**Student:** 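The structure under discussion is supplied below as structure tokens; questions concerning it will follow.
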Amino acid sequence: MTSHKYRSYRSFLSRLAMLLDREDIAAGVFLFPALSLLGIFLIFPIIYLGYLSFTGGSFTRAGVQWVGINNYLRLLLSPDFWQVIGNTIYFTIGTVIPSIVIPLGLAVLLNRNLPFAGIFRTIYFIPSIVSLVAAGLGFRWLFQADGAINTLLNSLGFDKIAWLSDSVWAMPVIIILSIWKQIGFNLVVFLAGLQSIPTNRYEAAELDGANSWQQFRHITLPGMQSTLIFTAITTTIFTLKSFEQVYIITGGGPLNSTNLLVYYIYDRAFAQFDFGYAAAAAMVLLAFTSGLVYLQLQTWTQE
């Protein structure tokens, strides 16, 4: 009896081994845990978010009321939503362009054999590892009415600026923080891209009499095209999902001038408990970021 059980067990293991020898089945077995977690924590929430955007009331099943496309119509007809979209576009453009230009210039300089280049690389990367909450508290202290920035301006003979309570100056403070936070990561990416360009191209250009600007324009920029696109897309996604800066420094004010899309979604969902409307706004954000990811994948495919 024991021998029969042993033979059955060995037969089972043999059949299992034969199945695992097939690459598709083996891949499915090893991917199943990761795909299960992905489905539970990513795919299902996205599907439920889409469903919630067509409902009103509570996010629990007992309080849900089907309202169709009413939430999307409310978005289109809401002046606050369009103001938030304008704020988000302004914030994105004001953050993305300097977050690419500044670290690109720094990367070109630090890629040379300069003294203390490694120390400077470390210094520039430090903002990337600082918590956004801590950075936001620091910037709020710097730009408050009696903060260090106004003290410096006053010592230089300039009038103090109401940075955080002025609808004109509040957004630049958020933008400066976001640029400061993003420079280190983009710098590392650009340094990696620069080091992937063969040095013999620059040597040949020097022999042909090309100056530094001509080498940058005709060798560096074309050689870093995919890196620039990757950095532009990732930086744009970073700015679109910005929340901590607004929450810590301004709370969306003054006069709704710093209210970004993610903070707007948070406020409508968890302050006003308008979950269906917030879900519709979140679907708009999801559609835009998905388009950016698709653009990035298309770029990589064409390389």
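Worth saying up front: this structure is predicted, and the values here are computed from it rather than measured.
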**Student:** When rounded to the nearest 0.5 angstrom, what distance separates CG in Leu194 from CD1 in Ile219?
**Tutor:**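 It is 12.0 Å, given to the nearest 0.5 Å.
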
**Student:** What closest approach, in Å, do Ala170 and Thr250 show between heavy atoms, and which atom pair accounts for it?
**Tutor:**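 Scanning both residues, the minimum pair turns out to be CB-CG2, 4.4 Å.
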
**Student:** Within the 4.5 Å heavy-atom criterion, are Lys181 and Leu132 side-chain neighbours or not?
**Tutor:**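 Side chain of Lys181 against side chain of Leu132, heavy atoms only: contact under 4.5 Å found.
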
**Student:** Taking the side chain from Asn71 and the backbone from Thr55, do they hold a donor-acceptor pair closer than 3.5 Å?
**Tutor:**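 Flag set: sc Asn71 to bb Thr55 pair under 3.5 Å.
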
**Student:** Might you work through the salt bridge (charged side-chain N to carboxylate O under 4.0 Å, His left out) test for Asp274 and Arg74, ending with a clear yes or no?
**Tutor:** CA-CA 12 Å; Asp274 194 352; Arg74 289 172 58 198; 2.5 Å; yes

**Student:** If hydrophobic clusters are built by linking Ile, Leu, Val, Met, Phe, Trp and Tyr wherever their side-chain heavy atoms come under 4.5 Å apart, do Ile249 and Trp141 end up in the same one?
**Tutor:**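 The answer is yes; both residues are in one hydrophobic cluster.
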
**Student:** Measuring from atom CZ of Phe275 to atom OG of Ser53, what distance do you get when rounded to the nearest 0.5 angstrom?
**Tutor:**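 Result: 14.5 Å between the selected atoms.
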
**Student:** For Phe288, does the CZ atom have more than 12 heavy-atom neighbours from other residues, nucleotides or ligands under 6.0 Å away?
**Tutor:**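 Open: at most 12 neighbouring heavy atoms sit under 6.0 Å from CZ of Phe288.
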
**Student:** Using modelled atom types only, decide if a donor and an acceptor are shared between the side chain of Asn150 and the backbone of Ala145 within a distance under 3.5 Å.
**Tutor:**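 Such a contact is found between Asn150 side chain and Ala145 backbone.
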
**Student:** Stepwise, does the side chain to side chain contact (heavy atoms under 4.5 Å, CB included) test hold for Leu191 with Asn111?
**Tutor:** CA-CA 7 Å; Leu191 282 171; Asn111 195 46; 4.2 Å; yes

**Student:** Determine the interplanar angle of the Phe139 and Phe143 rings, folded into 0 to 90°, and report it as parallel if under 30°, tilted if 30 to 60°, perpendicular if over 60°.
**Tutor:**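 Plane angle under 30°, so parallel.
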
**Student:** Would a hydrophobic clustering, with Ile, Leu, Val, Met, Phe, Trp and Tyr connected at side-chain separations under 4.5 Å, put Val108 with Ile119?
**Tutor:**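 The answer is no; the residues belong to distinct hydrophobic clusters.
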
**Student:** Can you tell me how far CG of Asp80 sits from OH of Tyr264, rounded to the nearest 0.5 angstrom?
**Tutor:**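 Spacing of OH (Tyr264) from CG (Asp80) equals 5.5 Å.
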
**Student:** Could you tell me whether a side-chain N or O of Ser242 sits under 3.5 Å from a main-chain N or O of Thr239, the two making a donor and an acceptor?
**Tutor:**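 Checked: pair present.
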
**Student:** Rounded at 0.5 Å granularity, tell me how far CD1 in Ile179 sits from CD1 in Ile97.
**Tutor:**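 It comes to 10.0 Å.
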
**Student:** Would the distance check show the side chain of Lys160 and the main-chain N or O of Thr151 forming a donor-acceptor pair, the cut-off being under 3.5 Å?
**Tutor:**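 Looks like no, no N/O pair under 3.5 Å.
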
**Student:** When Phe54 is tested against each of Trp66, Tyr277, Tyr48 for ring pair (Phe, Tyr, Trp, His ring centres under 6.0 Å), which residue passes?
**Tutor:**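 Of the listed options, the one satisfying the test is Trp66.
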
**Student:** Does Leu109 belong to the same Ile/Leu/Val/Met/Phe/Trp/Tyr cluster as Met224, with side-chain heavy atoms less than 4.5 Å apart forming each link?
**Tutor:**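 Not linked; separate clusters.
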
**Student:** Answer yes or no: does atom CG of Leu73 have more than 12 heavy-atom neighbours from other residues, nucleotides or ligands under 6.0 Å?
**Tutor:**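 For Leu73, atom CG is crowded (more than 12 foreign heavy atoms under 6.0 Å).
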
**Student:** Establish whether Ile237 and Leu228 are linked, either directly or via other cluster members, by ILVMFWY side-chain heavy-atom contacts under 4.5 Å.
**Tutor:**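 Hydrophobic grouping puts Ile237 apart from Leu228.
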
**Student:** Whether the side chain of Asn186 engages the backbone of Ser99 through a donor-acceptor N/O pair (distance < 3.5 Å, no angle test) should be reported.
**Tutor:**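 Yes; at least one donor-acceptor contact below 3.5 Å.
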
**Student:** Assess the side chains of Gln182 and Thr95: does a donor N or O sit below 3.5 Å from an acceptor N or O?
**Tutor:**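 Side chains of Gln182 and Thr95: no pair found under 3.5 Å.
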
**Student:** Quick check: do Thr220 and Tyr202 have side-chain heavy atoms less than 4.5 Å from each other?
**Tutor:**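 Thr220 reaches Tyr202 side chain to side chain.
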
**Student:** Looking at every non-hydrogen atom in both residues, tell me the closest pair between Gln215 and Ala205 and how far apart they are.
**Tutor:**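 Reported closest heavy-atom pair: CG-CB, 3.9 Å.
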
**Student:** Show your reasoning for whether side chain to side chain contact (heavy atoms under 4.5 Å, CB included) applies to Met283 and Leu52.
**Tutor:** CA-CA 10 Å; Met283 290 300 295; Leu52 201 63; over 6 Å; no

**Student:** How many angstroms lie between atom CZ of Phe190 and atom CD1 of Ile100, to the nearest 0.5 angstrom?
**Tutor:**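 One gets 5.5 Å once the value is rounded to the nearest 0.5 Å.
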
**Student:** Apply side chain to side chain contact (heavy atoms under 4.5 Å, CB included) to residues Thr88 and Leu285 and explain how you reach the verdict.
**Tutor:** CA-CA 11 Å; Thr88 304; Leu285 177 61; over 6 Å; no

**Student:** Got a donor-acceptor contact below 3.5 angstrom from the Trp82 side chain to the Leu76 backbone?
**Tutor:**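 Yes, the answer is positive, given that a donor and an acceptor are paired below the 3.5 Å cut-off.
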
**Student:** Can you tell if the side chain of Leu104 reaches within under 4.5 Å of the side chain of Leu221, non-hydrogen atoms only?
**Tutor:**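 Yes, their side chains come closer than 4.5 Å.
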
**Student:** Please give me the minimum heavy-atom distance between Thr236 and Ala232, naming the atom from each residue.
**Tutor:**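 Closest heavy-atom pair between Thr236 and Ala232: OG1-O, 2.6 Å.
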
**Student:** Look at the side chain of Gln144 and the backbone N and O of Leu164, then say whether any donor-acceptor pair between them is shorter than 3.5 Å.
**Tutor:**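 Not a single qualifying donor-acceptor pair exists.
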
**Student:** Give me the atom names and distance for the closest heavy-atom approach of Gly251 to Tyr263.
**Tutor:**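 So the minimum-distance heavy-atom pair works out to O-OH, 3.3 Å.
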
**Student:** For Trp213, is there any backbone N or O sitting under 3.5 Å from a side-chain donor or acceptor partner on Asn211?
**Tutor:**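 Such a contact is found between Asn211 side chain and Trp213 backbone.
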
**Student:** Counting only heavy atoms not in Asp159 (residues, nucleotides, ligands), do more than 12 fall under 6.0 Å from its CG?
**Tutor:**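 Counting other residues, nucleotides and ligands, CG of Asp159 stays at 12 neighbours or fewer.
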
**Student:** Of the non-hydrogen atoms in Ser178 and Gln245, which two are nearest, and what is the gap between them?
**Tutor:**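 For Ser178 and Gln245, the tightest heavy-atom pair comes out as OG-NE2, 2.9 Å.
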
**Student:** Hydrophobic cluster membership, with links at side-chain heavy-atom distances under 4.5 Å among I/L/V/M/F/W/Y: are Tyr266 and Val133 in one?
**Tutor:**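 In one cluster: yes.
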
**Student:** Is a side-chain N or O of Asn87 found less than 3.5 angstrom from the main chain of Gly252, in a donor-acceptor match?
**Tutor:**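 No; zero donor-acceptor contacts below 3.5 Å.
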
**Student:** Look at the side chain of Thr258 and the backbone N and O of Gly253, then say whether any donor-acceptor pair between them is shorter than 3.5 Å.
**Tutor:**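 Looks like yes, one N/O pair under 3.5 Å.
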
**Student:** Can you confirm whether Tyr247 is buried at OH, in the sense that more than 12 heavy atoms of other residues, nucleotides or ligands lie under 6.0 Å from that atom?
**Tutor:**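 No, the 6.0 Å shell around OH holds no more than 12 heavy atoms from other groups.
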
**Student:** Should the pair Trp169 and Trp163 be assigned to parallel (<30°), tilted (30 to 60°) or perpendicular (>60°) ring geometry?
**Tutor:**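 Geometry flag for Trp163 against Trp169: perpendicular rings.
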
**Student:** Do Leu261 and Leu240 come close enough that some side-chain heavy atom pair is under 4.5 Å?
**Tutor:**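 Not touching, per the 4.5 Å side-chain cut-off.
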
**Student:** Check residues 31-45 and write down every donor-acceptor pair under 3.5 Å in which the side-chain atom is one partner and the other belongs to a residue at least two apart or another chain.
**Tutor:**
from  : atom 1 : to    : atom 2 : distance (Å)
Ser36 : OG     : Phe32 : O      : 2.7

**Student:** Please step through side chain to side chain contact (heavy atoms under 4.5 Å, CB included) for the pair Tyr90 and Ile175, ending with a clear verdict.
**Tutor:** CA-CA 9 Å; Tyr90 168 36; Ile175 291 174; 4.2 Å; yes

**Student:** Grab the two heavy atoms, one from Thr227 and one from Thr231, that are nearest each other, plus how far apart they are.
**Tutor:**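 Nearest heavy atoms, Thr227 then Thr231: O-OG1, 2.7 Å.
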
**Student:** Atom CZ of Phe185 and atom CZ of Phe125: how far apart are they, to the nearest 0.5 Å?
**Tutor:**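 So the gap between those two atoms works out to 8.0 Å.
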
